[in-house]
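In what follows, every heavy atom counts, from backbone to side chain, and hydrogens, waters and symmetry copies are set aside. Just follow the structure's listing: the first ligand is 1, and inside any ligand the first atom is 1.
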Amino acid sequence: MAIRKIAILTSGGDAPGMNAAVRAVVRTALGRGIDIYGVYRGYNGLINGDLQPMHLRSVSDIIHRGGTVLYTARSPEFCTEAGLQKAVKTCQDAGIDGLVVLGGDGTFRGAQDLSRRGIPCVGLPCTIDNDIACCEQTIGYDTALNTCMEMVDKLRDTSQSHDRCSVVEVMGRHCGYLALNVGIAVGATSILVPEVPFDFERDIVERMNQTAATGKKHFIIVVAEGIGGVTKLTKRIEEETGVESRATILGHVQRGGNPTVSDRVLASRMGNYAVDLLCDGRSNRVVAINNDCLTDYDIEEALHMKKVFDTDLYRMAHEISI
Ligand code: F6P
């Protein structure tokens with residue numbers, strides 16, 4: 001069946017590069033003579049019939065902007081059968097032949113539910129957490145890494161001036177990838193991630209004492225949000241090491257900002273590929289990139305895959321931050 005009309009939505013936490021992906025999907029579709037509708041506020045937009053036709057110029061001047069022009073939401077109603085049925089009806093009434101969804105695991109679960117009910121869906125991995133197992137790099141991750149690095153570089157200035165320890169919490173939900181790579185990029189003395197159990201004495205106090213003995217007087221400890229408790233941890237570090245310490249939770253600043261080159265290019269490639277998949281009659285797929293090659297996975301398979309944490313990289317990070 002020829003694809004005549006597709007829709008696109010962004011769902012879950014926003015990620016820098018979503019707009020670049022929306023632009024790529026819209027421009028690819030229109031260039032192939034396919035009508036395209038933008039759905040507002042994620043799956044809620046499908047439930048409420050909140051969708052508008054998009055044109056070439058609807059996506060002008062957005063490739064460089066963070067956030068999402070389609071807005072986003074997490075939709076509890078969509079997790080109910082009644083909500084799902086409303087969404088299916090909206091698609092059927094509007095004559096939607098295919099849907100591109102941008103988001104993370106939760107978004108893909110929704111796409112799977114719709115695919116199973118006859119609405120062909122393709123997902124693009126957009127999350128700063130980089131926690132999609134089938135894909136080496138998600139859209140938004142590189143920008144968030146750079147944002148965190150910039151913020152921690154600023155913290156380092158003040159930490160150094162005061163001979164302090166800065167304990168910084170970065171996002172990532174249950175995943176430590178953002179923390180690990182930020183930690184490497186800022187030369188953190190210690191990086192705590194949920195994937196690797198840590199020992200307070202060995203991994204923080206002893207490491208700080210060892211580096212202090214070689215003349216270092218300021219420290220950066222990067223903590224993934226999946227570990228939590230940074231305020232308590234910071235107090236304990238100060239008590240046990242005697243080094244004045246401050247906690248910083250970077251928070252949602254990590255989700256904003258202009259996407260990097262890497263995220264813009266990745267989003268553009270993936271958006272174009274998503275339309276290819278729909279035109280080829282493929283459904284229930286997640287687009288991924290591995291070894292710089294675009295590929296795609298069945299959503300069910302993708303959701304069951306486990307992301308393997310790079311323990312070698314984790315070990316290396318600590319080996320060189322002495
Ligand atoms: O998944 C992206 C993310 O920013 C996580 O890193 C974080 O745990 C969560 O979303 C925060 O969600 P919210 O925007 O609902 O506070």
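- Counting only distance, with no hydrogens or angles, the side chain of T10 and the backbone of Y71 share a donor-acceptor pair below 3.5 Å.
- Formation of a donor-acceptor pair under 3.5 Å by the Y43 side chain with backbone atoms of A111 is found in this model.
- Atom 4 (O) of ligand 1 has R255 NH1, 2.7 Å as its closest protein atom, hydrogens excluded (heavy atom only).
- Geometric assessment of R285 against the ring of Y297 yields a negative cation-pi assignment under the 6.0 Å and 45° thresholds.
- Pairing each heavy atom of I63 with each of R23, the nearest pair is CD1-NH1, 3.3 Å.
- Polar contact with ligand 1: present for G172 (N/O pair, distance under 3.5 Å).
- The ligand atoms of ligand 1 that sit less than 4.0 angstrom from a heavy atom of M171 are 4 (O), 6 (O).
- Results of the side chain to side chain contact (heavy atoms under 4.5 Å, CB included) test with I221 over I191, V168, I204 single out I204 as the only residue that passes.
- From the protein, the heavy atom lying nearest to atom 9 (C) of ligand 1 is R173 NH2, 3.7 Å.
- Ring pair Y141/Y177 is perpendicular by interplanar angle, where above 60° counts as perpendicular and below 30° as parallel.
- Atom 15 (O) of ligand 1 has as its closest protein heavy atom R74 NH2, 3.2 Å.
- Among protein heavy atoms, the minimum distance from atom 7 (C) of ligand 1 is reached at E225 OE2, 3.1 Å.
- Using a 4.0 angstrom heavy-atom cutoff, G104 does not count as in contact with ligand 1.
- A salt bridge between K307 and E136 is absent, with no side-chain N of the basic residue lying under 4.0 Å from a carboxylate O of the acidic one.
- What sits closest to atom 1 (O) of ligand 1 on the protein, heavy atoms only, is D129 OD2, 2.7 Å.
- The shortest separation from a heavy atom of H252 to ligand 1 is under 4.0 Å, placing the residue in contact.
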